[in-house]
Amino acid sequence: MNDFSTLRSLDKSLPPSEKMPVLFLGHGSPMNAIEENEFVSSFRKLGKEVARPKVILCISAHWETRGTKVTAMQNPPTIHDFGGFPQALFDVRYPAPGSPEMAQETKDIITKTDVELDHHWGLDHGAWSVIKHLYPDADVPVIQLSLDYTKDPQYHYELAQQLERLRHKGVLIVGSGNVVHNLRRVAWQKLNDAYAWDWAHEANEKMRSFILDGNHDALINYHKQGSSFEMSIPTPEHYLPLLYALALKDKSEEVELFNDKTVGGSISMLSLKID
């Protein structure tokens, strides 16, 4: 099938809708799935404000693969990909359906790489711990797109741009991670407090400015931004979902920041909506 035929096929299977916003959600501790705090209150509020999507496409920090994959099962399992937490957290199930059709559409629309349809993963806590607050009835289909750990930030940004057409088809694209995320430097006694190490505060403020100024190049090339960024992003997986969201912003859209607090010294909950 040539490119024109592929686009016509996509248009038929995904009827046009009002353009959906894009979200980046700072998910923080898995305990945010079951605790009551200002962060989850903001997620719930967001779920009421955003037009109801036909499908959610989530890019989570917690699914890294060689190559790019998209979940394509009808009933994705709830994955408890963590340890050392109360049983109540392991008891949580988020039985949202999947969407094999949307998985195929996502595969087709991405030309930068060959996307593999995955039938083994499911919904990890980077996805369900935040989406459950937006749509507690688990009645919106959810698929996940993996992060190829072999690729650099520029590659991820460019791949994300190819998802833009889905915004016009009722798809809510959600990046889930944390812009500052250094578990080795967490002040555990302050994990529930608004507290930031100096370097975490500096990096968060710079990121905030870059986001609001539309300086995506600086964010893509975060490794050139000095020691505070090096401390805040010791590994890229929690940071990359931010780039997936920003790559989808067009010049006419605004960025709304919320949950702009750092907890435990080294985990920023900064979140944003592009609309």
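Residues: numbered from 1 along the sequence shown.
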- Note on the structure: CG (Leu270) and CZ (Arg208) are apart, to the nearest 0.5 Å, by 7.5 Å
- Message: Please give me the minimum heavy-atom distance between Gln144 and Leu57, naming the atom from each residue.
- Response: C-CD1, 4.3 Å
- Residue pair Val174 / Ile59, side-chain heavy-atom distance below 4.5 Å: no
- Parallel, tilted or perpendicular, as decided by the 30° and 60° cut-offs, for the rings of Phe229 and Phe210: tilted
- Below 4.0 angstrom, N of the basic side chain to O of the carboxylate: do Glu105 and Lys169 qualify? no
- Residues Leu248, Ile274; criterion side chain to side chain contact (heavy atoms under 4.5 Å, CB included); working and verdict: CA-CA 8 Å; Leu248 290 163; Ile274 296 170; 5.8 Å; no
- Message: Could you go through Lys54 and Glu101, starting from their C-alpha distance and side-chain angles, then the distance that decides it, and tell me whether this counts as salt bridge (Lys or Arg N to Asp or Glu O under 4.0 Å)?
- Response: CA-CA 12 Å; Lys54 298 174 183 176; Glu101 298 81 10; over 6 Å; no
- Task: Give the intermediate values and the outcome of side chain to side chain contact (heavy atoms under 4.5 Å, CB included) for residues Met207 and Gln225.
- Result: CA-CA 10 Å; Met207 291 178 196; Gln225 304 307 323; over 6 Å; no
- If we only count heavy atoms from C-beta on, is the Asp118 to Trp63 side-chain gap below 4.5 Å? yes
- For the side chain of Ser176 and the backbone of Ala127, is there at least one donor-acceptor N/O pair under 3.5 Å apart? no
- Can you tell me if NZ on Lys112 sees more than 12 non-hydrogen neighbours from other groups inside 6.0 Å? yes
- Query: Which heavy-atom pair separates Trp128 from Ala33 by the least distance, and what is that distance?
  - Reply: CZ3-CB, 3.6 Å
- Query: If you measure from OH on Tyr155 to CD1 on Ile220, what distance do you get to the nearest 0.5 Å?
  - Reply: 14.5 Å
- Message: Rounded at 0.5 Å granularity, tell me how far NE2 in His181 sits from OG1 in Thr235.
- Response: 7.5 Å
- Message: Applying a strict under-4.5 Å side-chain criterion to I, L, V, M, F, W and Y, I'd like to know whether Tyr135 and Met20 cluster together.
- Response: yes
- Message: Taking Ala218's backbone N and O only, do any of them form a donor-acceptor pair with Asn215's side chain (distance below 3.5 Å, no angle check)?
- Response: yes
- Query: For atom CG of Asp213, is the number of surrounding heavy atoms from other residues, nucleotides or ligands below 6.0 Å larger than 12?
  - Reply: yes
- Is a salt bridge present between Asp250 and Lys19, judged by a nitrogen-to-oxygen distance below 4.0 Å? yes
- Item | Path from Ile267 to Trp199 over hydrophobic side-chain contacts below 4.5 Å | no
- Task: Run through Val22, Ile211, Leu23 and flag the one making a side chain to side chain contact (heavy atoms under 4.5 Å, CB included) with Leu272.
- Result: Ile211
- Tell me whether Leu147 is reachable from Ile143 by hopping between hydrophobic residues (I, L, V, M, F, W, Y) whose side-chain heavy atoms are closer than 4.5 Å. yes
- Message: Keeping Ser99 on the side-chain end and Met102 on the backbone end, is there a donor-acceptor pair under 3.5 Å?
- Response: yes
- Message: Quick one about Asn32 and Ser129 (side-chain donor to acceptor, distance below 3.5 Å, no hydrogens or angles considered), yes or no?
- Response: no
- Message: Do Leu25 and Met269 have side chains that approach each other closer than 4.5 Å (heavy atoms only, starting at C-beta)?
- Response: no
- Message: What's the separation between atom NZ in Lys206 and atom CG in Leu219, rounded to the nearest 0.5 Å?
- Response: 12.0 Å
- With a cut-off of 6.0 Å (strictly less than), are more than 12 heavy atoms of other residues, nucleotides or ligands near NZ of Lys107? yes
- Task: Would you indicate whether His119, at its atom NE2, is surrounded by more than 12 heavy atoms from other residues, nucleotides or ligands within a distance under 6.0 Å?
- Result: yes
- Query: Tell me, do Val180 and Asn182 make a side-chain contact under 4.5 Å, heavy atoms counted?
  - Reply: no
- Is the shortest heavy-atom distance from the side chain of Val263 to the side chain of Asp193 under 4.5 Å? no
- Item | Any donor-acceptor pair under 3.5 Å from Gln162 side chain to Thr111 backbone | yes
- Heavy-atom side-chain contact between Leu159 and Thr113 under 4.5 Å: yes
- Determine whether Ile173 and Leu257 fall in the same hydrophobic cluster, where Ile, Leu, Val, Met, Phe, Trp and Tyr are linked whenever their side-chain heavy atoms lie under 4.5 Å apart. yes
- Message: Ignoring hydrogens and geometry beyond distance, is a side-chain donor-acceptor pair present between Thr68 and Glu116 at under 3.5 Å?
- Response: no
- Heavy-atom closest pair, residues Ala200 and Ser232: CA-OG, 4.0 Å
For residues 183-192, please give each side-chain donor-acceptor pair under 3.5 Å, one per line with the distance, not counting sequence neighbours.
none

- Item | Pair His156 and Tyr244, ring centroids less than 6.0 Å apart | yes
- Rounded to the nearest 0.5 Å, how far apart are CZ of Phe39 and NZ of Lys261? 6.5 Å
- Given the rule in the side chain to side chain contact (heavy atoms under 4.5 Å, CB included) test, do Gln104 and Val115 qualify, once you have shown the distances and angles that lead to the verdict? CA-CA 9 Å; Gln104 183 65 52; Val115 178; over 6 Å; no
Only pairs under 3.5 Å count here: list side-chain donor-acceptor contacts from residues 78-90, not counting sequence neighbours, and write none if there are none.
{"unit_1": "Thr78", "atom_1": "OG1", "unit_2": "Tyr94", "atom_2": "N", "d": "2.8"}
{"unit_1": "Thr78", "atom_1": "OG1", "unit_2": "Tyr94", "atom_2": "O", "d": "3.4"}
{"unit_1": "His80", "atom_1": "NE2", "unit_2": "Phe90", "atom_2": "O", "d": "3.0"}
{"unit_1": "His80", "atom_1": "NE2", "unit_2": "Val92", "atom_2": "O", "d": "2.8"}
{"unit_1": "His80", "atom_1": "NE2", "unit_2": "Arg93", "atom_2": "NH1", "d": "3.3"}
{"unit_1": "Asp81", "atom_1": "OD1", "unit_2": "His125", "atom_2": "N", "d": "3.1"}
{"unit_1": "Asp81", "atom_1": "OD1", "unit_2": "His125", "atom_2": "ND1", "d": "2.9"}
{"unit_1": "Asp81", "atom_1": "OD2", "unit_2": "His125", "atom_2": "ND1", "d": "3.4"}
{"unit_1": "Gln87", "atom_1": "NE2", "unit_2": "Asp91", "atom_2": "OD1", "d": "2.9"}

- Query: Does the side chain of Tyr157 come within less than 4.5 Å of His216's, by heavy atoms?
  - Reply: yes
- Message: Whether Asp139 and Arg52 form a salt bridge (side-chain N of Lys/Arg under 4.0 Å from carboxylate O of Asp/Glu) is what I want to check.
- Response: yes
- Same apolar cluster: Phe258 and Ile131, side chain cutoff 4.5 Å: yes
- Query: Which is it for Lys249 and Glu254 under the side chain to side chain contact (heavy atoms under 4.5 Å, CB included) test, yes or no, and what are the steps along the way?
  - Reply: CA-CA 8 Å; Lys249 179 185 179 299; Glu254 299 293 329; over 6 Å; no
- Less than 4.0 Å between a side-chain N and a carboxylate O, is that true for Glu36 and Arg44? yes
- Item | No-hydrogen, no-angle side-chain donor-acceptor test under 3.5 Å, Ser268 and Asn204 | yes
- For the residue pair Ser228 and Glu202, what are the closest heavy atoms and their distance? OG-OE2, 3.5 Å
- Message: When you measure from the side chain of Asp148 to the backbone of Thr150, do you find a donor-acceptor pair of N or O atoms at a distance under 3.5 Å?
- Response: yes
- Nearest 0.5 Å please: distance from the CG atom of Leu123 over to the NE2 atom of His62. 13.5 Å
- Are any non-hydrogen side-chain atoms of Tyr239 and Asn178 less than 4.5 angstrom apart? no
- Message: Please find the pair of heavy atoms, one from Ser146 and one from Gly67, that lie closest to each other, and give the distance.
- Response: OG-O, 3.7 Å
- Closest contact, heavy atoms only, Pro21 versus Leu172: O-CD1, 3.4 Å
